[in-house]
Amino acid sequence: MRHLNAQAWLTAGLAVALVATAAPAVAAPPEGAASDQAAQVQPVTEGGTASLGRGSAGEGRVLAETDRIVVTFKDDVSQERKAAVFATAERRTELEDPDIVRTTGNGEDVVESDDMLSTAEQQKVVETIESDPAVEDAEPDQIVVNALAATPASTPNDRYWSYQWGPRDIGIPSAWKEATGQGVVIGIADTGQSDHPDLNAKTVQGYDFLSDTYHSRDGNGRDSNPRDEGDWSPGRPSWWHGSHVAGIAAASTNNRQGVAGVAPDARLQHARVLGADGRGYVSDIADGVMWSAGIAIPGVPRNTTPAKVVNLSEAWDAGSCPAVMQKAVDRMHAINVPLVVAAGNAAKSANLASPENCPGAVVVGATTYRQQLTGYSNWGPVVDVVAPGGDVSSPIWSTVNTGTYSIGRASYGDLTGTSMAAPHVAGVIALMKERNPDLGVEAIRSTLRSTGSTVSGYRKVNAVAATRAVARAKPTVRGAIATYYASHGGAAALGTPTTHELATGVGGVVQTFVKNGRTTQIWWSHETGAHRVDTWTGIGARFAQLGGAARFGLPTKDEQPTATGGAYQNFVRPGASSTTKIIWSARTGAQPVGESSGIGKQWARDGFENGAGYPTIPEVLTATGAYQRFRNPATGVLTQYTWTRATGKVVRTTLG
């Protein structure tokens, strides 16, 4: 395959000029907005700020060349017939040694040529392939470059930054009285995930969708590690765009550090769809946003924590929406998952950029602290709403990394752009989705518009009004949880639901029921099935006290009696093999035993609770290993198991 060299990168990428200017003063916060807690910050760039130029500056672009074609075959076309179609195209066009590299989430085949194809060559290949009666349609798989709709940071004039004007400008503190995003996952389809204390605890398992190993920088194509390897290009350091966007949407809040997220109790999920220079195939972007929404993608593990809203802060020049992208938007729309996109930063009609010109997407323009549409924001009737995107005097602060051309340390910094406006809106939608998880895309769009205030002729999002406008939906019981609920006595035995199904954070969902003040949770995942945890029993209470699903995973069975008058229940994290048994007796209470740990295995070999007895404490870590104590209910003997890290051996000692 022919790749762009360094010089070609410089000419193909977005022309953002670095100019040495004095650091502008940060705009004063609204009255009452300043926090008592100052956060130490690190600017994204040193020694200057980036300015938007004229024309296409501030907008991603599509490369003239690509080496891939997206082909939709008619139903039931065999692999042999597909090969014949591509063999004909190879003979008649510049398509060189074509190979189907993958199938998209929409069922299209992505065929790759050994050589890059010019615009004219692409057109001839598409026409040749589409002339075959087995083909529905075909299109070039465009390569977008620097699609990040953001502008790099300016250096503040002091070391501490203690306010965020963006969330306050749209009424977020008041909106938190109505909802906080509890139970909602926000998908971030962007440059990937970075290690950050304001994000780590909020982040569920994501995926790396970059199929181009050369520009992904991890060298291994698609995999389960969505880590941001840096989006730098020759002449431009990394912006850590995906982390900045994620922090705006849902950074940890009230944790005495960093910044606050718009939806503080929502969780985050990264689909890595852009790599070096903000570069990626449109088909990879389409697969990434669909997977985030819970749509199955061939060759990719099932998303066990699907998002209820997906943010795509990217924009690239395009006269029309690519078919592969439009199909993704349509499929997400059908399952009530909005795709929130940045309007773009080229100060032109958003109808001339993708995915903004994909009908069904929620398109967000950017405003300044002075309540105006920014000079760089794309505009036009496809822009649904506007939100804070900032400018040189009032940037948007969020989570970043200090690395320039390699991974550094977690920090905070500023960017401006419609990329920053979009996650403000995605966060607000998460608040709305908490109140009604089944809220449809058009209802969301209509509510955001009707409750917003007018800024430069557009409707600026009003978080508290939009959230209040969504009536809290009465919880319903459905699917596998409904089947379990009905077969175990329904409302008469378990009570009525007090929540909708909520994401567990480790895979699957959970729903809460209450009867006569007693709470029961029904947990479900594909791997474990549906099982209950009674939080009013010793086992259920201990499960919750010690960290719940985040520590132990989901129940693999209902609570079971032991032969000696106690009870136990097993838990496992979906996708993992290690099981924890929480076991209870009247004398010892409920304590966990790690069945795959050295101590747990020896306890099992010795006869479980019939041997050493029931655990009296959880496993305790020491400088040299770990220990745990057990008491036999029949003999009263107290036994300690001690595991030594250096030897890997477990020693049993009788204490009395």
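On a predicted model such as this, the values are computed, not experimentally measured, just so you know.
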* In terms of side-chain heavy atoms, does Asp169 have a donor or acceptor partner in Gln371 at a distance below 3.5 Å? -> yes

* Under 4.5 Å between any side-chain heavy atoms of Leu117 and Asp67, yes or no? -> no

* How many angstroms lie between CG in Asp284 and CG in Asp212, if you round to the nearest 0.5 Å? -> 8.5 Å

* Structure fact -> Closest heavy-atom pair, Arg267 versus Ala201, reported as atoms and distance to 0.1 Å, is NH1-O, 3.5 Å

* Does a side chain donor of either Thr203 or Asn200 reach within less than 3.5 Å of an acceptor in the other side chain? -> no

* How long is the gap from CD1 on Ile188 to NE2 on His270, to the nearest 0.5 Å? -> 6.5 Å

Identify every side-chain donor-acceptor pair in residues 321-342 under 3.5 Å, counting partners at least two apart or on other chains, and give the distances.
| unit_1 | atom_1 | unit_2 | atom_2 | d |
| --- | --- | --- | --- | --- |
| Gln326 | NE2 | Asp330 | OD1 | 2.9 |
| Gln326 | NE2 | Pro359 | O | 2.9 |
| Lys327 | NZ | Thr72 | OG1 | 3.2 |
| Lys327 | NZ | Glu108 | OE2 | 3.3 |
| Arg331 | NH1 | Gly105 | O | 2.4 |
| Arg331 | NH1 | Asn106 | OD1 | 3.2 |
| His333 | NE2 | Glu442 | OE2 | 2.7 |
| Asn336 | ND2 | Asp438 | O | 3.3 |

* Take Arg222 and Leu210, measure what side-chain contact (heavy atoms from CB on, under 4.5 Å) needs, and give me the verdict at the end. => CA-CA 6 Å; Arg222 290 186 168 186; Leu210 290 175; over 6 Å; no

* Between Ser313 and Asn311, a side-chain donor and acceptor under 3.5 Å -> yes

* Is the closest side-chain heavy-atom distance between Tyr458 and Val385 below 4.5 Å? -> no

* Residue pair Val110 / Thr104, side-chain heavy-atom distance below 4.5 Å -> yes

* Asked: Quick one: are the ring centres of His196 and Tyr412 less than 6.0 Å apart?
  -> yes

* Considering only heavy atoms from C-beta outward, does the side chain of Thr253 approach that of Trp176 to under 4.5 Å? -> yes

* Structure fact -> Residue set satisfying side-chain contact (heavy atoms from CB on, under 4.5 Å) with Ser450, at least two apart, ordered chain then number -> none

* To do: Walk me through it: do Thr451 and Asn462 pass the test side chain to side chain donor-acceptor pair (under 3.5 Å)?
  => CA-CA 6 Å; Thr451 58; Asn462 182 320; over 6 Å; no

* Structure fact -> Only residue of Val184, Ile444, Val309 satisfying side chain to side chain contact (heavy atoms under 4.5 Å, CB included) with Met432 is Ile444

* Would you mind checking if Asp391 and Arg370 are paired as a salt bridge, meaning a charged N to carboxylate O distance below 4.0 Å? => yes

* Asked: Going by atom types only, do His241 and Ser419 share a side-chain donor-acceptor pair under 3.5 Å?
  -> yes

* Asked: How far apart are the closest heavy atoms of Ile407 and Trp240, and which atoms are they?
  -> CG1-CH2, 3.8 Å

* Check whether any side-chain heavy atom of Glu356 lies under 4.5 Å from a side-chain heavy atom of Asn351, and answer yes or no. => no

* Shortest non-hydrogen contact from Pro140 to Thr66? -> CB-CG2, 4.1 Å

* **Evaluation steps, side-chain contact (heavy atoms from CB on, under 4.5 Å), between Ile396 and Ile248** => CA-CA 8 Å; Ile396 304 298; Ile248 294 169; 3.7 Å; yes

* Asked: Heavy-atom distance under 4.5 Å between the side chains of Trp232 and Arg217, does that happen here?
  -> yes

* Look up atom OG1 in Thr367 and atom NE2 in His424, then write down how far apart they are to the nearest 0.5 Å. => 8.5 Å

* To do: Determine whether Gln142 and Ile285 make a side-chain contact, defined as any pair of heavy atoms from C-beta on separated by less than 4.5 Å.
  => no

* **Asp287 and Tyr207: side chain donor to acceptor below 3.5 Å** => no

* Minimum-distance pair of heavy atoms, taken over all atoms of Ala347 and Gly375 -> CB-O, 3.3 Å

* Check the side chains of Ser283 and Asp141 for a donor-acceptor pair under 3.5 angstrom, ignoring hydrogens and angles. => yes

* To do: Decide whether Glu229 and Ser216 meet the rule of one side-chain donor and one side-chain acceptor closer than 3.5 Å.
  => no

* Any donor-acceptor pair under 3.5 Å linking the side chain of Asp190 with the backbone of Gly192? -> no

* Asked: Of the non-hydrogen atoms in Trp379 and Leu373, which two are nearest, and what is the gap between them?
  -> CB-CD2, 4.3 Å

* Ser211 vs Arg68 side-chain heavy atoms within contact, under 4.5 Å -> yes

* Asked: Can you tell me how far CG of Leu352 sits from CG of Asn357, rounded to the nearest 0.5 angstrom?
  -> 8.0 Å

* To do: Search all heavy atoms of Ser233 against all heavy atoms of Asp277 and return the closest pair with its distance.
  => OG-OD1, 3.1 Å

* Using a strict 4.0 Å threshold on nitrogen-to-oxygen distance, state whether Arg272 and Asp231 make a salt bridge. => no

* Asked: Can you find a side-chain donor-acceptor pair between Asn378 and Asn345 that sits under 3.5 Å?
  -> no

* Asked: To the nearest 0.5 Å, what is the distance between CD1 (Ile186) and CG (Leu268)?
  -> 6.0 Å

* Verify the distance criterion only: is there a donor paired with an acceptor across the side chains of Thr454 and Arg459 at less than 3.5 Å? => yes

* To the nearest 0.5 angstrom, please state how far the NZ atom of Lys433 sits from the CG atom of Leu439. => 6.0 Å

* Please check if atom CZ in Arg227 has more than 12 non-hydrogen atoms from other residues, nucleotides or ligands closer than 6.0 Å. => no

* Asked: Between Thr418 and Tyr376, is a side-chain contact (heavy atoms from CB on, under 4.5 Å) present by the stated rule, with each step listed?
  -> CA-CA 9 Å; Thr418 55; Tyr376 58 77; 4.3 Å; yes

